[in-house]
Amino acid sequence: MTTSNPKRHFLRGSRDALPFLLVVVPFAALFGVVATEAGLNLVETMGFSVLVIAGAAQFTAVQLMTENAPTVIVILTALAVNLRMAMYSAALTPYLGSAPIWKRALVAYLMVDQAYALSQIKFEVERDLTVSERFAYYLGTVLPLVPFWYGASYLGAVAGAQIPPEFALDFALPITFLAMIAPALRSVAHVASAGTSVALALLMAWMPYGSGLLVAAIGAMIVGAQIELYMERRAA
């Protein structure tokens, strides 16, 4: 009979997550710089990184705040950008749903793309893991990244405060989004969703406070879902 060994799986998760530091550190530092450039002070910038821990949503919220969008629009748009986290949670529920509520709350707080991707593969391949081992592995995939996310955000915010106004960094935000989106275009559904979002965002540019982005996000999700359903039926 095999004994449960959460510590071993935690260390395995930590090892699997280490390569992501190459992405997390510069991304967090860039957010700190952009947030400072947008007018946020150090406490506000760190509040974003500590409470939200969602790079794309943080960049989106900062952009809308610089446009003086109403708070409700900022929140709704950031939630739309992070809607994938709800899908991640649903996908992990069969593996972690029976864990105590405090563990599930911790997983929810630490839900990031990298941890989900590694954990989903691990849990599907090794289906005999206990809930404690799955939880340990998940924590292992994310806990090594969190201190670097906080620390790099802090360094970026401090560095951003030292950059003179004439060296504006407004260009960094669209470049960052392009860098995030391009690797995600891996299927017809992804490309169609991206094209739909671009087209709708341009068509709805007249809407106040960037609220056209919400329309574009919803339209893109509908198009992507319909294409995936069509492809599944065709393959069946």
Side-chain angles (χ1 to χ4, degrees), residues 1-21 23-24 27-28 47-58 60-61 75-151 153 180 183-184 186-187 189-190 193 217-218 220-222 224-226 228-229 231-233 235-236:
M1 182 177 178
T2 326
T3 57
S4 178
N5 192 346
K7 181 180 179 181
R8 178 170 65 87
H9 291 284
F10 177 87
L11 295 175
R12 175 63 184 272
S14 299
R15 188 187 71 183
D16 292 346
L18 286 179
F20 288 113
L21 288 175
V23 178
V24 168
F27 193 61
F48 254 116
S49 284
V50 172
L51 298 177
V52 180
I53 316 185
Q58 290 176 215
T60 302
I75 294 173
L76 288 176
T77 306
L79 287 174
V81 171
N82 250 24
L83 192 60
R84 68 190 187 284
M85 298 301 169
M87 294 184 283
Y88 292 172
S89 298
L92 291 178
T93 295
Y95 305 107
L96 296 170
S98 59
I101 190 169
W102 70 268
K103 289 186 176 181
R104 283 179 280 146
L106 187 58
V107 168
Y109 169 67
L110 297 172
M111 183 68 69
V112 296
D113 296 306
Q114 297 87 345
Y116 165 75
L118 291 172
S119 298
Q120 182 69 17
I121 295 171
K122 175 80 169 179
F123 300 161
E124 286 185 355
V125 172
E126 301 183 30
R127 293 184 172 273
D128 59 340
L129 295 177
T130 66
V131 174
S132 295
E133 288 174 333
R134 291 170 185 158
F135 176 72
Y137 180 83
Y138 186 90
L139 285 188
T141 63
V142 70
L143 286 186
L145 306 179
V146 171
F148 287 94
W149 178 262
Y150 297 158
S153 295
M180 287 190 297
R186 299 188 300 269
S187 70
H190 293 150
S193 295
I218 293 171
M221 286 187 285
I222 292 173
Q226 291 302 313
E228 285 191 345
L229 287 173
M231 297 296 286
E232 287 176 4
R233 292 195 195 103

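This is a predicted model, so every value here is computed, not measured.
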From [atom1] ([X]) to [atom2] ([Y]), nearest 0.5 Å:
| X | Y | atom1 | atom2 | answer |
| --- | --- | --- | --- | --- |
| S132 | L96 | OG | CG | 10.5 Å |
| L18 | F148 | CG | CZ | 8.5 Å |
| R12 | L118 | CZ | CG | 10.0 Å |
| F135 | L106 | CZ | CG | 5.0 Å |
| I53 | F48 | CD1 | CZ | 13.5 Å |

**OP:** Using the test salt bridge (Lys or Arg N to Asp or Glu O under 4.0 Å), find all partners of R104 that sit at least two apart in sequence or belong to another chain.
**Re:**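 Partners of R104 under the salt bridge (Lys or Arg N to Asp or Glu O under 4.0 Å) test: none.
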Subject >> Set of salt bridge (Lys or Arg N to Asp or Glu O under 4.0 Å) partners for K122, sequence neighbours left out >> reply: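 Salt bridge (Lys or Arg N to Asp or Glu O under 4.0 Å) check on K122 returns E126.
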Provide the closest heavy-atom pair for [X] versus [Y] in the form atom of the first, atom of the second, distance.
| X | Y | answer |
| --- | --- | --- |
| A136 | P6 | CB-O, 3.2 Å |
| A91 | P94 | O-CD, 3.3 Å |
| S193 | G224 | OG-CA, 3.1 Å |
| V24 | Q114 | CG2-NE2, 3.9 Å |

Kindly write out the residues that satisfy side chain to side chain contact (heavy atoms under 4.5 Å, CB included) with [X], not counting sequence neighbours, or none if the list is empty.
| X | value |
| --- | --- |
| L143 | F10, L110, L139 |
| P100 | W102, K103 |
| I75 | T71, L79 |
| E124 | Y95, Q120, R127 |

Original post:
Which pairs, with at least one residue in residues 134-150 and sequence neighbours excluded, count as a side-chain hydrogen bond (donor to acceptor under 3.5 Å, both in side chains)?
Top reply: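 Sorted pair list: D16-Y137, Y109-Y150.
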Original post:
Mind checking what makes side chain to side chain donor-acceptor pair (under 3.5 Å) contact with Q226, not counting sequence neighbours?
Top reply: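 Here no residue qualifies.
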Original post:
Mind checking what makes side chain to side chain donor-acceptor pair (under 3.5 Å) contact with N82, not counting sequence neighbours?
Top reply: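 Expected list: R84.
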Subject >> Enclosure of I101 CD1 (heavy-atom neighbours >12, cutoff 6.0 Å) >> reply: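 Result for CD1/I101: open.
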Subject >> Verdict with reasoning, D113 to Y88, per side chain to side chain contact (heavy atoms under 4.5 Å, CB included) >> reply: CA-CA 8 Å; D113 296 306; Y88 292 172; 2.7 Å; yes
**OP:** Could you tell me which residues satisfy ring-ring contact (aromatic ring centres under 6.0 Å, His included) with F20, sequence neighbours excluded, listed by chain and number?
**Re:**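 Not a single residue meets the ring-ring contact (aromatic ring centres under 6.0 Å, His included) criterion with F20.
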